[in-house]
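All chains are named by letter (A, B, ...) in the order of the sequence lines, taking the proteins before the strands, and each is independently numbered beginning at 1. On a predicted model such as this, the values are computed, not experimentally measured, just so you know.
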There are 2 protein chains.
Amino acid sequence: MTEADGGLGVTSRPEPRVRSARMAELVRAALGLLETEGAHALTMRRLAALVGMRAPSIYKHFESKAALEVALVEDALFDMGDALHHSVADPGADGPVESLLAAYRSQATSRPNRYRLTTSSAFPRAGLLAGLEDWAGEPFFIVAGEAHLSQALWAFAHGTMILELDDRFLAGSDLDATWQAGAIAFSLPGDRPVGEPASLHPVGRQP
Amino acid sequence: MTEADGGLGVTSRPEPRVRSARMAELVRAALGLLETEGAHALTMRRLAALVGMRAPSIYKHFESKAALEVALVEDALFDMGDALHHSVADPGADGPVESLLAAYRSQATSRPNRYRLTTSSAFPRAGLLAGLEDWAGEPFFIVAGEAHLSQALWAFAHGTMILELDDRFLAGSDLDATWQAGAIAFSLPGDRPVGEPASLHPVGRQP
DNA sequence: ATTCTGGAGCTAACAGCGTTAGCTTGGGAA
DNA sequence: TTCCCAAGCTAACGCTGTTAGCTCCAGAAT
């Protein structure tokens, strides 16, 4: 990841907050609860029981449930940022856009409920570590090379991701092809992988 | 809207559920609460107070809060579907993709909290009127002309929309340009509006 | 005209939620 | 040895969606 600092990166990876052993244990248990049973199962009483305490005692370590969720989401953003920065530093045989999208999709899919929490409208984003979201999202700018296209690419990635996780696409859809359709639409021609199926291309891209 | 039936449409607009006067009043009040104060304010007790009753009485008209939200979301999908079908039937001077995206954005922006509810991961989509979501989303297929590209376009639209509503884009971003960047990426060249600003194109698109 | 019925309101209450107040306890610093 | 405070506890508050069970009245049926 250090390579990226000397590269195109203009933001830097924030320093994660230090956590006591008990805090780390709570976050670990919370992640387990969230992923195995869903957001509705992540309650203070259930979490407390999981680590052998009672709900009010959690407040000795986190000032609110929101603060605990912030910890979960910061983990998610560090994981996502690391994966994305790695993908731009070392894109595979496919183009950089394909590589970035594959990293994004793989990361989100690995912990779907944490991804949902991270991108939820209700989540108190203001409490996040300063600069973390910008750093995690920077690879989109690096790959797209231009602000508006990078935002559009990010929006495509998030939109496709959340619709996939929520099973909103028509049953039986080939989602690999959907991701690839977006990758092609947002790729610079020179960066496109060779042997790209031409049918997926928006017909007649050239003026 | 009837023109669309004879056109490319293969799905048809479902018949809305009939609502008693009291049900309609509740849905109207619920929408007001949702939009003016947000999802957290939409509680059975507050809604009941707004129409001059007590919370348990609502259950004489809707079997659960979820059923009431289904009514709100069905309204949203009918409104969205009507707007999108209208846009494909009568695209403006801009291309069909621009026109569709503009309709999508305008519709969602007009009732942001209802849009959030409609697209929320937690929403019980199974309770929706059969075929309603398919019908509302059909214009994306009509415009893109191909299944995967249409899904990618829909994903871009939703992603951009929810990020815009949640204020997730970098402060000061020109979101019109972001929408347009996506519109261009997903447009067939022949359909692109004339006089497209070349600067929006990713720099150095040529190899 | 009387009776019956059922839709639509009500109160009381339950379980679960996040959270707070206030008490206790034990281990390390002074 | 004393003191302090971090970290646990119980009880409780106000909120949530929801259920049980009662009442009341309009309109249909007799």
Q) Pick from B:Arg19, B:Arg111, B:Arg28: which one makes a salt bridge (charged side-chain N to carboxylate O under 4.0 Å, His left out) with B:Asp75? A) B:Arg19
Q: Round to a whole Å and report the spacing from CD of B:Glu25 to P of C:dA8.
A: 13 Å
Q: Check the distance between D:dG8's P and A:Met44's CE and give it to me in whole angstrom.
A: 13 Å
(Q) Does the plane of the ring in B:Phe140 sit parallel, tilted or perpendicular to the ring in B:Tyr104? Use 30° and 60° as the thresholds. (A) perpendicular
Q) What nucleotide, of C:dG9, D:dG17, D:dT10, holds the atom closest to the side chain of B:Thr43? A) D:dG17
**Q.** Flag, side chain of B:Glu37 to backbone of B:Leu42, donor-acceptor distance under 3.5 Å
**A.** no
Q: Could you tell me the separation between the CG atom of B:Leu47 and the P atom of D:dT18, rounded to a whole number of Å?
A: 12 Å
Q: Specify the separation, in whole Å, of atom NZ of B:Lys60 and atom P of D:dT18.
A: 15 Å
Q. Using a cut-off of 4.0 Å on non-hydrogen atoms, how would the nucleic acid contact of B:Arg45 be classed: base, sugar-phosphate, or nothing?
A. base
(Q) Does A:Leu42 reach a base, just sugar-phosphate, or nothing at all? Heavy atoms under 4.0 Å. (A) sugar-phosphate
**Q.** Distance test, side-chain N/O of A:Arg22 to OP1/OP2 of D:dA6, below 4.0 Å
**A.** no
(Q) Under 4.0 Å, heavy atoms only, any strand: does A:Ser57 hit a base, just the sugar-phosphate, or nothing? (A) base
Q: Grab the CZ-P distance between A:Arg46 and C:dG18 for me, whole Å please.
A: 11 Å
Q) For the pair made of CD in A:Glu63 and C1' in D:dA7, what is the distance, rounded to whole Å? A) 17 Å
Q.
D:dG8, OP1 or OP2 - any side-chain N/O from A:His61 closer than 4.0 Å?
A. yes
Q. Which listed nucleotide (C:dA8, D:dA7, C:dT19) is nearest to the side chain of A:Ala55?
A. C:dT19
Q: Using atom CD1 of A:Ile58 as one end and atom P of C:dC17 as the other, report the distance to the nearest whole Å.
A: 11 Å
Q: Take A:Ala41 and A:Pro56, find for each the nucleotide of DNA chain C with the closest heavy atom, and name the residue whose nucleotide sits nearer the 5' end.
A: A:Ala41
Q. Would B:His148 and A:Phe169 count as a close aromatic pair, with their ring centres under 6.0 Å?
A. no
Q: Just compare C:dT20, D:dT18, C:dT11 and give me whichever is closest to any side-chain atom of A:Tyr59.
A: C:dT20
(Q) Check whether A:Ser87 reaches the backbone of A:Ala83 with its side chain - one donor and one acceptor, N or O, closer than 3.5 Å. (A) no
Q.
In this structure, how many angstroms lie between the P atom of D:dC15 and the NE2 atom of B:His40, rounded?
A. 13 Å
Q: Answer with base, sugar-phosphate or nothing: what part of the nucleic acid does A:Lys65 contact at a heavy-atom distance below 4.0 Å?
A: sugar-phosphate
